[in-house]
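Contents: one structure, followed by commentary.
Quick note: numbers below take in every heavy atom, side chains included, and nothing from hydrogens, waters or symmetry partners.
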Amino acid sequence: MKRYPKALAAGSYDLAVIGGGIYGAAIAREAALAGLRVALVEQNDFAAATSSNNHKVIHGGLRYLQHLDLPRVRESLRERCVLETIAPHLVHPLPVVVPTFGHGLRGKELLRIGVAMHRFFALATGDARGGIVEGLEPGPISRRRLLELLPGLDASDATGGVLFYDSQVYSSERLVIAYLRAAAGAGARVVNYVEATGFVLEAGNVRGLTARDMLGGGAFEVRARAVVNAAGPWIPRVLASAGIGWRAGPAARGLNVVTRQLFPAVAAGLYGRRPHEDPAALLRRRQRLYFLVPWRDRTIIGTAYSPFSADPSQLSVEPSAVEELLAEVNFAYPPARLTLDDVSLVYSGVLPSSGVSAKSGEVHVAKHYRIADHSGDGMAGLFSVEGVKYTTARDVAEKLVERLFRSWSRTPPPSLSAQTPLPGAAVGRFADYLERQKRERPDLPAAAIERLVKTHGSAYVEVLRYLDRDDADDDAVLRAEALHAVREEMALTLGDVIFRRTEIGSAAHPGREALDTVASAMAAELGWDGPRIAREIADVESRYGAAGTLSASWRTC
């Protein structure tokens, strides 16, 4: 996967995609697998915005049962199963525990029915893997078991709890990169740091886009039969260049924070103090439910939402918002006693909203994706795709490509994306594969092998080709990861490597020595001088801990 922006101008494509997040990447892969010639441009780095700013959870749709929205439950479960199948190195089962109270909406009886229905739909959608961590069976649990899993929880009013399963993505950024590598492997040309500035029009039809290389390569055209705007929070800005309006009203800012580890074995869903209303829900809870999810050796907490109406490029997170989220968690779980000093990283992103409650001021995140054909706006050949869930990006991409073929009066070919493994997926049972690789590579540090396998799966051997010596220590492996990221995955800044190509800095500060090692390797490869190295390191370090909450931006994660 090489960066050749000038080659975009030399080619002619069936489809040009704007946006290199999970939706743009899924669309590029889907279209390339369908035999289309595909080009994709991303104005920043791949997965640098909302696609990395998430809870690292692949949701199975249990919460949709409160809306009795069974199609969305089945859709979520199906796509969760697909991701565990095509990316078993990155997506793994995640047990979740929620305490139960009384005999009403939070009672064990009602939640037991919900978990049983959820399990039934999972099996009905082909999820025969079981997805069960040993000793953690889904269903109701006793109060004693609840306290074993969530020690220190005030369970004086609890009747016990329920345990159900979602899945966790080890690196949401690496999953986007895997989609893009798969797209490139199927013939697509993908390029980061290229901004779409407008559209090529011929007789009222869109015939490509105009673009600008953000690294000084100038302006050019990308000729294509159709264009898909999958720019996430920037969809309105892209459309505004053609005089097309989009969703009115504020967007939603989602906030998740990474803290010291609270519960190592399970995720916990706990009720805060903040009131919550969901007008579409038939079964309504009165307080917002927060999830405390074990991730790496830490806990990621969220999600808190607030209205957002500014330029998404200027997204920032004020310390008071982080403190408010921590206060909610401390109320739900007093032994946590979290402060800003416990925060190692802040994740925030902009999501589509369906409006703001006049009663509570709470922003409602949109529940349904949107595919828009702009033929009615006088822009035939232009489509926009607005996603609402990371989990279902592949399914939405499949629907978009079907619609694209039908707009050309062609029958779409059968989709291959749900059955085609992503790069690195040849691992079989992941835990066994990981242990086998550790045994078979005694020449490398076990921690480095674990990091590589969890990040790249079976493709980790491609990284080892960049080792500069046989007796490799962790520094040598880090240098190899940096070189691989630059030469094979278009990493161009230190942040690209630290936050999105590797896992070394996406949960906490990796240490100054690791930053120096990676920066030195990149400097030698990209020709950075001393001041450039200092700027790159300072930019990365500004994003960690309590200080990082002052300037956390869309570029962060």
Side-chain angles (χ1 to χ4, degrees), residues 13-40 51 58-61 70-91 121-122 124-129 167 169 175-190 224-230 368-373 381-426:
Y13 302 92
D14 297 304
L15 179 65
V17 181
I18 302 172
I22 185 61
Y23 275 81
I27 290 167
R29 172 178 177 257
E30 185 76 34
L33 288 175
L36 300 181
R37 295 165 298 168
V38 180
L40 179 146
S51 292
I58 303 298
H59 290 288
L70 302 187
R72 290 189 78 197
V73 175
R74 290 192 292 266
E75 174 191 65
S76 298
L77 286 167
R78 182 185 67 246
E79 293 307 308
R80 186 186 75 178
C81 181
V82 166
L83 287 172
E84 289 185 346
T85 300
I86 68 174
H89 55 306
L90 289 171
V91 182
F121 283 124
T125 54
D127 190 0
R129 58 166 177 76
S167 292
V169 56
L175 188 54
V176 173
I177 297 296
Y179 268 101
L180 291 167
R181 295 201 67 166
R189 189 173 294 281
V190 302
R225 188 177 180 184
V227 175
V228 172
N229 175 16
H368 300 284
Y369 68 86
R370 183 179 177 187
I371 298 177
D373 182 342
L382 174 62
F383 298 80
S384 290
V385 175
E386 182 180 67
V388 294
K389 286 182 62 180
Y390 191 103
T391 303
T392 54
R394 187 216 63 84
D395 181 64
V396 175
E398 180 181 329
K399 291 179 171 62
L400 179 279
V401 171
E402 288 178 354
R403 183 175 295 192
L404 188 64
F405 271 89
R406 297 194 189 284
S407 75
W408 296 332
S409 299
R410 293 172 55 186
T411 301
S415 175
L416 302 175
S417 58
Q419 298 83 35
T420 305
L422 292 174

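- A donor-acceptor pair under 3.5 Å is absent between the side-chain atoms of Arg78 and the main chain of Asp395, judged by distance alone.
- The two residues Tyr369 and Gly387 make their nearest non-hydrogen contact at CB-CA, 4.3 Å.
- Counting only distance, with no hydrogens or angles, the side chain of Asp14 and the backbone of Arg37 share a donor-acceptor pair below 3.5 Å.
- Side chains of Ser417 and Glu30: a donor-acceptor N/O pair is present below 3.5 angstrom, by distance only.
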- side-chain contact (heavy atoms from CB on, under 4.5 Å) evaluation trace for Tyr13 with Leu40: CA-CA 10 Å; Tyr13 302 92; Leu40 179 146; over 6 Å; no
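- In this structure, OG on Ser167 lies 9.5 Å from CG on Leu77, to the nearest 0.5 angstrom.
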- Under the side-chain contact (heavy atoms from CB on, under 4.5 Å) rule, what do Ile27 and Leu15 come out as? Steps first, then yes or no, please. CA-CA 10 Å; Ile27 290 167; Leu15 179 65; 4.1 Å; yes
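- The heavy-atom pair separating Tyr23 from Val385 by the smallest distance is CD2-CG1, 4.1 Å.
- Side-chain contact between Tyr390 and Val176 is present, with at least one heavy-atom pair separated by less than 4.5 Å.
- You'll find the side chain of Leu175 reaches within 4.5 Å of the side chain of Leu83, heavy atoms only.
- Contact detail for Thr85 and Cys81: the closest heavy-atom pair is OG1-O, 2.8 Å.
- Here CD of Glu386 is found 11.5 Å from CD1 of Ile371. Values are rounded to the nearest 0.5 Å.
- The line from CG of Asp373 to CZ of Arg406 is 14.0 Å long, rounded to the nearest 0.5 Å.
- Nearest heavy-atom pair, Ala425 versus Pro88, reported as atom, atom and distance to 0.1 Å: O-CG, 3.4 Å.
- The minimum heavy-atom distance linking Ala178 with Pro423 is given by the pair O-CD, 3.5 Å.
- Of the N and O atoms on the side chains of Glu75 and Thr392, not one donor lies less than 3.5 Å from an acceptor on the other residue.
- Taking the side chain as every heavy atom from C-beta outward, Leu422 and Arg29 approach each other to under 4.5 Å.
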- Message: As a quick check of understanding, evaluate side-chain contact (heavy atoms from CB on, under 4.5 Å) for Ser415 and Arg394, giving each step before the final call.
- Response: CA-CA 10 Å; Ser415 175; Arg394 187 216 63 84; 4.0 Å; yes
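- In terms of heavy atoms, Trp408 sits closest to Ala226 at CZ2-CB, 4.0 Å.
- Although no hydrogens or angles enter the test, the distance criterion places a donor-acceptor pair under 3.5 Å between the side chain of Ser51 and the main chain of Ile22.
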